[in-house]
Amino acid sequence: MSTPGTAEEGQAVAERRLHPVTPLRRAWAPVTVIVGWTVHDPGRIREQLAHLSAARLLLGLTVVVLVACVYGFLSWWFTRFAVTGTELRIRTGLLFRRTAHIRLDRLQAVDVTRPLLARVAGVAKLKLDVVGTGDKDELAYLGEAEARALRAELLARAAGFAPETAHEVGEAPARLLLRVPPRMLAVSLLLSGTTWGSSAAALAVPPLVWAATHNLWTVLALGLPLLGGALTRSAGRFADAYDWTVSESPDGLRIDHGLLDRAHETVPPGRVQAVHLVEPLLWRRRGWVRVRLDVAGSPRSVLVPVAPREIAEAVIARVLPGVTVPASLSRPPRRAAWCLPFWWRGHGLAVTDAVFAARHGLLHRSLALVPHAKVQSVRLRQGPWKRFRRVADVLVDTGANTTVTARLRDAGEAAALLYAQADRSRTGRRDARPDRWMVS
Amino acid sequence: METGTAGWDGEPVWRGLPPGLLRMRRLLLVVWLGLLTVVVGVLLALFAGSAWALAALLPPALLPVGWVLLGRNWRSWRYAERADDLLISRGVLWHEETVVPYGRMQLVEVTSGPVERHFGLASVQLHTAAATTDATIPGLDPAEAERLRDRLAELGEARSAGL
C-alpha cells in the first residue's frame, strides 16, 4: 500500500488519502440527518425533549457527536486514491465498497473548486469529468497545493507524459487570454432579460397583491422573498462570474472565476465538441457576446460570460484551432416562411472547411459551431408540410450528446449537405489532433 | 488510410428489409386488432347493451389502413453500406436519413425478441457517443445481421477515432 512511486502495472501503487480536514466535513452527515428529522416533525421532538433531563440530553448529544466523529474518521480512513500509469483509482465506502477506475485518456476536464469555507481551511475540491458518467467524480478535500499538483499530474499523464516525468512537468505556464472587467459584467447583467424579468416580477407582484387583499402582511410575505430572490439571483451571478479569467496553457484552457467560491477549471484541448455564441437582444448594440462550450461528459459550461465579439472570437480561435467564426450566413429560402412565419429569418447556416455553423433565434441570437472532426452522425429530417414546401432540416450530432440543427434548408441543398457533411467530418477527423495531444 | 469513396460512383447500393418483417408486423396487427375487437365487444355488450357492441366493428375497419401503412413504412426502410459510413433512410411522411461514419461507432448490437426469433429476424443497433444517433435496422435475417455486425465492428476498428 505504501510502496512509493513506481507505477508499473500489477505492482502495488502508492495510495493516498484525502486531506485530514475531510472528516470534519463528513461528520456533518449524521448531524444533518438529526437536524432534518427535527425540522420535519418539531412537535414530537419537543414532547420527547420534555421527558429528558439535562444530563441525559447532554449524554445523548455527546454520543451523537462521537458517532459523527467516528463515522467521519472511518469514511476518511477508507477513502483512498491512487494514480497509476493509465488510470485514477478512487476507493470509497465503509460498508458498501466502491472502486472507481477512471481512465486518464478518457478524462475530459479537471476542475479545482474552493468553496468559501474550504478557502478558509486552505483546502480544495478536485472534480473530474469523464465521458459517460452522469455526475462528476470528486476528491474532496485535498490540500490546496496537493490539489494543484495532482491536477497538473493527471493532465500531464492524460496528455501522454511518462509516469516518471509527470511529477516534474508541474503546472504548465499559463498565458492570459481574457479577463472580464467587473464593470462590464455588471452592465451585462443589467442588460440581460432574466435580471429584468425577475426584478419586474418582484416589483409588480406586491402592488397587485395589495390591490387584491389590502393586507400589509400578505404583501410583505409575498414581496420580500421575491425581491430577495431577484437580488440574490443577479448578485449570485455576479459573484460567480466575478474576475472571470481565461488563460491558455499547454494542458488546456484554464477558466478561473468566483468572488467568494473560487473555481479553477481546465478544459483540455480537443475535448470541446461544440461552441455556442449567444447574443441577447440588449447586448447587440454594444457588440457583446456570451460563449458556451459543449464538452463531452459534463454539462454545458460557460467559457466567457461576456466579452466584445472580436475578443470572444479570438478566444474561440484558441479553443478550436484553425476555426474562424463565419461572418455571413445563408438564410433559408423565402418559401420557408410558410413553415415558420417571421422566425425563419433568424435561422442561418454556414459551412466552412473547419466548422458547421448554424444560427437560430431572431431576438436572442445563438450561433452554434461544430468542428467537422467532432461530428458523430448527420441526419436529414423532413415532415410532410416541409416536403410540400421543399425544405428540410439537417441535424448534426456531437459527442457531448447535443444536436445542432440547421433548419429549413432547401431540400436539394439539404440532401447534398448531408453527404458532403459526412465526407467532411471523415476527412476532418483524419488530420485532427490525437487524443494524447502532447505525444505527437 | 484509403478513403474508399474514390471508387464510389455517386449512388450508394441500397438494400431493403426482408419481407419477413412485414409479414410479422401485419400478423401482429391482425392479432392485436382481433383482441381489441373481442375485448371492446364483450365489455360494451356487458355494460352498455348489445346495440353499443356494434362499435366493436370499429377496430376491424382500421385493419386495411394499418395494412397499407405498414407496407408503406416497410418499403421506406432501406440501408446502404458505403466505404466509410452507413446510411439509413426511413419514414414516409416523416422522412429521416441518417449517416453514421464507421469510425464513430462505439458499439454494435444484434438484438432479437421472442416474436422476432420465431420469425427468424434480428435487429442491428449502432451506438455512437451521441445518444441521439438512433441508428437501428430492424428485422434483418439473422445471418445478414451478424454479417453486418461483424463488418461494422471490423470497419469501426479500422477507422476508429476518439471523441
Side-chain angles (χ1 to χ4, degrees), chain A residues 105-106 108 131-132 268 270-274 294-297 370 372-388 392-405 411 414-415 417-430 432-437, chain B residues 1-12 14 69 72-73 76 78-108 125-137 152 155-156 158-163:
Chain A
D105 54 350
R106 285 286 171 249
Q108 299 291 318
V131 185
R271 302 286 157 104
V272 177
Q273 308 283 323
D294 283 346
V295 177
V370 186
H372 295 318
K374 299 295 175 192
V375 173
Q376 296 284 330
S377 65
V378 195
R379 287 179 290 158
L380 180 142
R381 193 184 275 168
Q382 191 179 37
W385 182 247
K386 282 182 183 151
R387 183 197 316 257
F388 180 57
D393 299 344
V394 175
L395 294 88
V396 165
D397 301 304
T398 73
N401 249 333
T402 50
T403 304
V404 172
T405 312
L417 189 64
L418 177 73
Y419 291 111
Q421 187 57 39
D423 278 350
R424 263 193 298 268
S425 64
R426 198 189 66 238
T427 46
R429 235 178 357 263
R430 199 175 308 144
R433 285 201 280 181
D435 276 0
R436 304 196 149 194
W437 57 94
Chain B
M1 190 160 56
E2 50 109 23
T3 62
T5 31
W8 180 61
D9 54 352
E11 270 308 301
W14 290 100
L69 283 184
R72 282 177 50 158
N73 182 270
S76 76
R78 50 189 195 154
Y79 66 95
E81 296 162 68
R82 289 202 298 173
D84 287 288
D85 32 41
L86 181 78
L87 314 180
I88 299 171
S89 167
R90 64 165 190 269
V92 186
L93 283 180
W94 278 271
H95 176 76
E96 187 164 333
E97 204 169 326
T98 309
V99 185
V100 187
Y102 297 134
R104 290 318 208 181
M105 265 175 249
Q106 303 277 335
L107 173 73
V108 189
Q125 217 173 349
L126 289 173
H127 296 273
T128 68
T132 39
T133 310
D134 176 26
T136 309
I137 311 175
L152 293 180
L155 286 168
R159 290 166 172 59
S160 100
L163 282 175

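Bear in mind that the values here come from a model prediction, so they are computed numbers and not experimental data. Naming convention: chains lettered A, B, ... in sequence-line order (proteins, then strands); numbering from 1 in each chain.
Listed here is the closest heavy atom pair of B:R82 and A:A422: NH2-CB, 4.3 Å. Scanning both residues, B:P101 and A:S377, for their nearest heavy atoms gives CD-CA, 4.3 Å.
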CA sep, side-chain torsions, deciding dist, call: B:R104, A:V375, side-chain contact (heavy atoms from CB on, under 4.5 Å):
CA-CA 9 Å; B:R104 290 318 208 181; A:V375 173; 5.9 Å; no
Kindly determine whether B:E97 and A:R379 satisfy salt bridge (charged side-chain N to carboxylate O under 4.0 Å, His left out), including the steps that lead there.
CA-CA 5 Å; B:E97 204 169 326; A:R379 287 179 290 158; over 6 Å; no
side-chain contact (heavy atoms from CB on, under 4.5 Å), that's the test. Do A:L418 and B:V99 meet it? Break it down for me.
CA-CA 8 Å; A:L418 177 73; B:V99 185; 3.7 Å; yes
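A donor-acceptor pair under 3.5 Å is absent between the side-chain atoms of A:R381 and the main chain of B:W94, judged by distance alone.
Only the side chain of A:T403 comes within less than 4.5 Å of a heavy atom in chain B; its backbone stays farther off.
The 12-atom threshold is exceeded at CZ of A:R387, counting heavy atoms of other residues, nucleotides or ligands nearer than 6.0 Å.
Between B:D84 atom CG and A:D423 atom CG the span is 8.0 Å, to the nearest 0.5 Å. Atom OH of residue A:Y419 and atom CG of residue B:D85 lie 9.0 Å apart, to the nearest 0.5 angstrom.
Partners of A:D393 according to the side-chain hydrogen bond (donor to acceptor under 3.5 Å, both in side chains) rule, which considers only residues two or more places apart in sequence or in another chain, are A:K386.
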